[in-house]
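Following: one structure in structure tokens, then a few remarks.
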Amino acid sequence: MSESHVWDEVDAYFTTRLAPDDEALAAALRDSDAAGLPHINVAGNQGKLLQLLAQIQGARHILEIGTLGGYSTIWLGRALPADGRLVSLEYDPGHAEVAERNIARAGLDKLVEVRVGPALESLPQLADENPPPFDLVFIDADKVNNPHYVEWALKLTSTGSLIVLDNVVRGGRVTDAASTAPDVTGTRAAIELIGSHPRLSGTAIQTVGMKGYDGFALARVLA
């Protein structure tokens, strides 16, 4: 049995028993697939991890950078209290349309707002609104801009907030200091920023599973 097949089976085992999709989540995946969205959403057990992290944080305000079809948005939104708020930023209008339908079907449209456009344009607009600090920021968008997203996350959070940066392993390519691939250079810059910034304490974890060989970084905002 191949390694990747074992990873898939283990992920399926954990997801089935600990983080099964209900109808709203399953429908979100079906509709995303039918609309031709890329298959880059988080896995079910990863979505459950995001939900647990938000609950551990006691999150009332969540920022997501990269909505795609809204699958991770639903997991995060379900961690919010009735008066919570989740702002999700999506570059592609078609993706945002699919996500908004999926979010509404899940009964979260009163808590979740999807904003369409380049995140580096949406973020300063959001900052101008002077929102309450976000308790959790999930970054899962174009990797070349990862360091900029981390910098904006710092501006929009406060002491104790959590920043989650997805897809940091890049199949192991993150270790290649000579790489000029934008996803690698952007990810390396973000990791180095987390490691050197005086207001961040972070780590990164490698993962294997149905999404292949990858990982994520976690950073806590300090005073």
Side-chain angles (χ1 to χ4, degrees), residues 1-54 62-80 86-119 122 138-146 149 164-171 173 182-183 187 207-216:
M1 186 180 294
S2 69
E3 255 189 356
S4 61
H5 186 68
V6 173
W7 299 345
D8 290 351
E9 285 200 347
V10 172
D11 250 9
Y13 171 78
F14 287 148
T15 299
T16 300
R17 286 156 182 80
L18 301 174
D21 283 344
D22 56 24
E23 178 52 32
L25 287 165
L29 293 178
R30 287 198 304 269
D31 283 9
S32 296
D33 189 52
L37 273 61
H39 296 167
I40 55 175
N41 52 275
V42 300
N45 54 349
Q46 295 168 344
K48 182 66 174 289
L49 174 62
L50 291 172
Q51 184 183 85
L52 288 171
L53 290 172
I62 297 174
L63 173 63
E64 178 180 51
I65 304 175
T67 317
L68 194 62
Y71 184 76
S72 58
T73 319
I74 294 171
W75 279 108
L76 286 166
R78 287 176 171 177
L80 288 171
L86 192 161
V87 177
S88 189
L89 309 181
E90 173 54 45
Y91 174 81
D92 189 296
H95 295 179
E97 185 178 344
V98 173
E100 286 175 334
R101 290 198 301 269
N102 289 333
I103 290 162
R105 183 195 293 114
L108 295 170
D109 47 314
K110 298 294 191 297
L111 298 178
V112 177
E113 177 189 3
V114 179
R115 299 193 178 190
V116 182
S122 299
F138 178 47
I139 302 171
D140 189 13
D142 55 313
K143 310 310 174 188
V144 67
N145 284 313
N146 273 342
Y149 297 147
V164 182
L165 180 64
D166 202 10
N167 307 128
V168 298
V169 173
R170 315 311 299 161
R173 293 181 298 121
D183 63 323
T187 299
T207 61
V208 295
M210 63 181 64
K211 307 303 292 186
Y213 173 40
D214 213 328
F216 59 91

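It should be emphasised that the depicted structure is a prediction, and the values quoted were computed from it without experimental measurement. Computation of the quantities below employed the complete heavy-atom set of this structure, encompassing side-chain atoms and omitting hydrogens, waters and symmetry-equivalent molecules.
A distance of 10.5 Å separates CD in Glu9 from OG in Ser4, rounded to the nearest 0.5 Å. In this structure, the separation between CG on Leu63 and OG on Ser88 is 8.0 Å, given to the nearest 0.5 Å. Note: Ile139 CD1 to Asn167 CG = 11.5 Å, rounded to the nearest 0.5 Å.
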_Between Phe138 and Ile62, does the side chain to side chain contact (heavy atoms under 4.5 Å, CB included) criterion hold? Intermediate values first, please._
CA-CA 8 Å; Phe138 178 47; Ile62 297 174; 5.7 Å; no
*Carefully, step by step, assess Tyr149 and Leu89 under the rule side chain to side chain contact (heavy atoms under 4.5 Å, CB included).*
CA-CA 11 Å; Tyr149 297 147; Leu89 309 181; over 6 Å; no
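Under the side chain to side chain contact (heavy atoms under 4.5 Å, CB included) criterion, Glu100 pairs with Val114, not counting sequence neighbours. Residues satisfying the side chain to side chain contact (heavy atoms under 4.5 Å, CB included) criterion with Pro38, sequence neighbours excluded, are Ile40, Leu68, His95.
A donor-acceptor pair under 3.5 Å is absent between the side-chain atoms of Asp166 and the main chain of Phe216, judged by distance alone. Between the side chain of Glu90 and the backbone N or O of Thr67 there is at least one donor-acceptor pair closer than 3.5 Å. In this structure, the side chain of Lys211 engages the main chain of Asn41 through a donor-acceptor pair within 3.5 Å. A side-chain donor-acceptor contact under 3.5 Å links Asp92 to the backbone of Gly94.
For the residue pair Lys48 and Trp75, the shortest heavy atom distance occurs at CD-CZ3, 3.6 Å. The two atoms that bring Gln46 and Thr207 nearest to each other are NE2-OG1, 4.4 Å, heavy atoms only. The shortest heavy-atom contact between Gly209 and Asp11 is CA-OD2, 3.2 Å. Contact between Gly70 and Ala99 at its shortest, heavy atoms only, is N-CB, 3.7 Å. Scanning both residues, Val116 and Ser122, for their nearest heavy atoms gives O-OG, 4.4 Å. Scanning both residues, Gly44 and Thr15, for their nearest heavy atoms gives CA-CG2, 4.2 Å.
Contact check on Asp22 versus Arg78 returns a salt bridge, with a Lys/Arg side-chain nitrogen under 4.0 Å from an Asp/Glu carboxylate oxygen. Between Asp183 and Arg173 there is a salt bridge, since a side-chain N of the basic residue sits under 4.0 Å from a carboxylate O of the acidic one.
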Indicate every side-chain donor-acceptor pair of residues 103-111 with a distance under 3.5 Å to a residue at least two apart or in another chain.
{"unit_1": "Arg105", "atom_1": "NH1", "unit_2": "Asn102", "atom_2": "OD1", "d": "2.9"}
{"unit_1": "Arg105", "atom_1": "NH2", "unit_2": "Asp31", "atom_2": "OD2", "d": "2.4"}

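The side chain to side chain donor-acceptor pair (under 3.5 Å) test with Lys143 singles out one residue from Asn146, Asp140, Asn145, and that residue is Asp140.
The environment of OH in Tyr91 is sparse: at most 12 heavy-atom neighbours from other residues, nucleotides or ligands sit within 6.0 Å.
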